[in-house]
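Data block below; observations after.
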Amino acid sequence: MATREEMLGRIRREVRRAPGLFAASPAPRPAHPEEAAAALRREMMERWPAALARFQEELERVAGVFHRVASLAEVPGVIRDLARQRGARSVVGWEPAALGLDLRATLEPAGLSVTVAPPGGGESARLAHREAAAGAQIGVTGVDWALAETGTLILVSGSGRPRSTSLLPETHVAVFGKGHLLESLEQVGIMLEALHADAARSLSGAMINFITGPSRTADIELTLTRGVHGPKEVHAVFVEAL
Amino acid sequence: MSDQTLRTPFPERASAALKDTFLQQALGIATTKFIGLRQESFAGFPEGEALRDRARAVKEATLQKLDGYLAELADNVERLGGHVHWAATGEEAREIILRLCRDRGLRRVVKSKSMATEEIDLNKALEAAGVTPVETDLGEYIIQLAHEKPSHIIAPAIHKTKGQVAELFSKELKGHFAADPEVLTAAARKELRQKFLQADMGITGANFAVADTGTVVLVTNEGNGRMVTSLPRIHVAVMGIEKVIPSMTDLMLFLAILARSATGQKLSVYTTLVRGPRHPEELEGPEELHLILLDNGRSAQIAGKLREALYCLRCGACLNVCPVYRQIGGHAYGHTYPGPIGILLTAMLKGDRSVKELAHASSLCGACHEVCPVRIDIPRMLVELREGLDRDRIAPWGERLVFKMLGRVLGSPMLFGLAGRIGRVAQKPFVSDGRLTRLPLVFGRWTRSRDLPPVAAKTFTQRWKELQ
Ligand code: SF4
């Protein structure tokens, strides 16, 4: 088996032998990513309405569904309606601290069975939660960023925010507010640079998912089909007061 | 690809493909559709052209310090708790994965679509070791059930009809399935969901890996890439060394052009950033992450004639526009990577000799160069490859002789005029329907797979004089 030294040594020798095709450098990065991110967040506090309109347009273009409610208190109503229309009985969701919403308190009285991700890890909790998530018809999550130019929801995994909530159920409901909106991929780059510049945050959550509409394939005769492995439906709920 | 396939010479493989009318139709529809989607997507994206230039520059800049970026990537993956393995050859990469399975007693593997694992022929090795690898990308799943090979980089099963898929599923999945993509997709979803939940190991490729953060990036539409990296206990990613990029800022650049070039989407449905194995405070995710850095002939091209092919993002755009690919499809190429870039990658992985016929399977029209998101000059490298085949006497002697003669003739106005006069007379018995379709002697090699226009009755110079 090759060792790191052998392989890197070989590559280094070749790199030294090659002059390169032309003078080139990587994309220029923000010098102070955390400050750039903070400045961007301030700017977005002014510009979010246009970004929200674009987000809705792009989300709908990729077959996502947009909802708008005044406050968090109205979100359970949206979920209850979705469940009723789909004959869904069980819901899985992020824990209240991560979501800003207590799903069990608000949905169980309506007759839905609700599993909420426990904070922290552990083998038995993992297996129990996986079973619940795999059996649930609706998965409810928050978001970290909502990218307007592509209608994309970006979710960082973490404690109480399992990665499968937005993956296993057939319907994914994501709750977001104006503070999550970004305009461009370039801005997502600034946010990710800032996240990694922060020693603590750079180590929290082992997965970041960009989700652009429901799961799809065109592998059989190029016929577009939704819900291959991931959700068949993606609902983004914008909460004005968030 | 089986040795049997490769024993059939390329011209015969190509002729067989040309006679397959369904394949012809499917290829026509698929490639035309992909071309249209790509064009539409870039038409509404004026900044795309500048982004392509910048992305190209990032690839070149990365190669100029590839050793440094790989070391940085490896350090960061390890800092996040992942393991990094170095594989000089495909065999070493296979051995690393087999050992992981053996040591841990693992038998059930789920895979998301990865050209790198196709390249190292991993599935065969796993099966021989008693491990069952299940392909989970719908197209890959179909061809795995059918015991075939992918025919397109991003649409592996475009050569199959829904009727054929229905028949296949009815037989393999024990049931009756209608020839309807919705029904068939639902059947695969149900079947594969169980596999995801039961698997011990998930194997993926990597579209990118960010050196500065130690992040492995996967781009998928179906969600199988997310399943494979979320549910099994162990995640193994196999990645060519050229896939490393410096930073998250660079990643955004590539994401902006990758899906547009491949399928015309602004972004693929899922872009998954893997930052090491599950963190202690997390409920889900693999306990172990193994990143295998694969050389397999790549490093030898850093200073070689195929350097630029190391920029490739595997988007498939150059396949769709290639007049040769559009006619013969992926299988006739006979290797893991088809299409114009596939010829170069095959030469990179298996040596120039392996493409002594394929190097000519291009009209050098330049369409691939035009659509490539990182503007890889494929025609230039194909010409250099042909030159090398001649210089190293790999090309057949007849071909080399003809080209040597041609070189002389084209280099001398006197000889050129003389050859024209001789040709005009000598060609007479061989012209049919205004084309030269069967030449004798060494020239016959050319006309076996191509027609030639005959030498014109009057030269351009003569006609020009008359016009004056
Ligand atoms: S050579 Fe260019 S167009 Fe072809 S697959 Fe690679 S990146 Fe895409």
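In what follows, every chain begins at residue 1, and chains take the letters A, B, ... in the order their sequences are listed.
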Inset, instruction - Pick one of side chain, backbone, both or neither for S184(A), based on which atoms fall under 4.5 Å of a heavy atom in chain B. - result: neither
Inset, instruction - Please flag which part of A71(B) lies under 4.5 Å from any non-hydrogen atom of chain A: side chain, backbone, both or neither. - result: both
Inset, instruction - Please work out which of the three classes, parallel, tilted or perpendicular, describes the rings of F176(A) and F55(A), given edges at 30° and 60°. - result: tilted
Inset, instruction - Would you mind checking which part of R298(B) comes under 4.5 Å of any heavy atom in chain A, side chain (CB onward), backbone (N, CA, C, O), both or neither? - result: neither
Inset, instruction - Mind ranking L185(A), I211(A), L167(A) by heavy-atom pairs under 4.5 Å with chain B and telling me who comes out on top? - result: L167(A)
Legend entry - Toward chain A, the part of T215(B) with a non-hydrogen atom under 4.5 Å: side chain
Inset, instruction - Check whether K162(B) gets within reach of chain A through its side chain, its backbone, both or neither, counting any heavy atom under 4.5 Å. - result: both
Legend entry - Contact class of F34(B) relative to chain A, heavy atoms under 4.5 angstrom: side chain
Inset, instruction - Find the one option among A155(B), G139(B), A256(B), A57(B) whose heavy-atom pairs under 4.5 Å with chain A are most numerous. - result: A57(B)
Inset, instruction - Specify the closest pair of heavy atoms between V217(B) and T271(B), including all atoms of both residues, with the distance to one decimal. - result: CG1-CG2, 3.9 Å
Legend entry - Salt bridge present between E308(B) and R56(B) (N-O < 4.0 angstrom): yes
Inset, instruction - Just give me the residue among P26(A), G189(A), A23(A) that pairs up with chain B most often, heavy atom to heavy atom, under 4.5 Å. - result: P26(A)
Legend entry - Sorted by number, residues from residues 212-231 of chain A in contact with chain B (heavy atoms, under 4.5 Å): T212(A), G213(A), P214(A), S215(A), R216(A), T217(A), D219(A), I220(A), E221(A), L222(A), T223(A), T225(A), G227(A), V228(A), H229(A), G230(A), P231(A)
Inset, instruction - Quick one: closest heavy-atom pair of L138(B) and E222(B), and the distance? - result: N-OE1, 2.9 Å
Legend entry - Closest contact, heavy atoms only, D137(B) versus P156(B): OD2-CG, 3.9 Å
Inset, instruction - Can you tell which part of L153(A) gets under 4.5 Å to a heavy atom of chain B, answering side chain, backbone, both or neither? - result: neither
Legend entry - Contacting moiety of E6(A), where chain B heavy atoms sit under 4.5 Å: neither
Legend entry - Residue part contacting chain B, namely of T152(A), when any heavy atom lies under 4.5 Å: side chain
Legend entry - Atom group of E170(A) that falls short of 4.5 Å from chain B, counting heavy atoms: both
Legend entry - Distance-minimising heavy-atom pair for V116(A) and P96(A): CG1-CD, 3.7 Å
Inset, instruction - Give the member of L197(B), L253(B), L289(B), L80(B) that has the highest number of heavy-atom pairs under 4.5 Å with chain A. - result: L197(B)
Legend entry - Closest non-hydrogen atom pair between D295(B) and A88(B), with its separation: CB-O, 3.6 Å
Inset, instruction - Identify which part of V165(B) has an atom lying under 4.5 Å from any heavy atom of chain A, answering side chain, backbone, both or neither. - result: side chain
Legend entry - T62(B) portion near chain A, given a 4.5 angstrom heavy-atom threshold: neither
Legend entry - Side chain, backbone, both or neither of F254(B) within contact of chain A (heavy atoms, under 4.5 Å): neither
Legend entry - Contact summary for I302(B) and R307(B), nearest pair of heavy atoms: O-NH1, 2.8 Å
Inset, instruction - Counting only heavy atoms closer than 4.5 Å, note whether L63(B) contacts chain A via side chain, backbone, both or neither. - result: backbone
Legend entry - Derivation and outcome, side-chain contact (heavy atoms from CB on, under 4.5 Å), residues H129(A) and E284(B): CA-CA 9 Å; H129(A) 185 76; E284(B) 293 179 333; 3.8 Å; yes
Legend entry - Toward chain B, the part of V62(A) with a non-hydrogen atom under 4.5 Å: neither
Legend entry - Stacked cation flag K266(B) on F45(B), 6.0 angstrom / 45 deg: no
Legend entry - chain B contact via L168(A) - which portion, at a heavy-atom distance below 4.5 Å: both
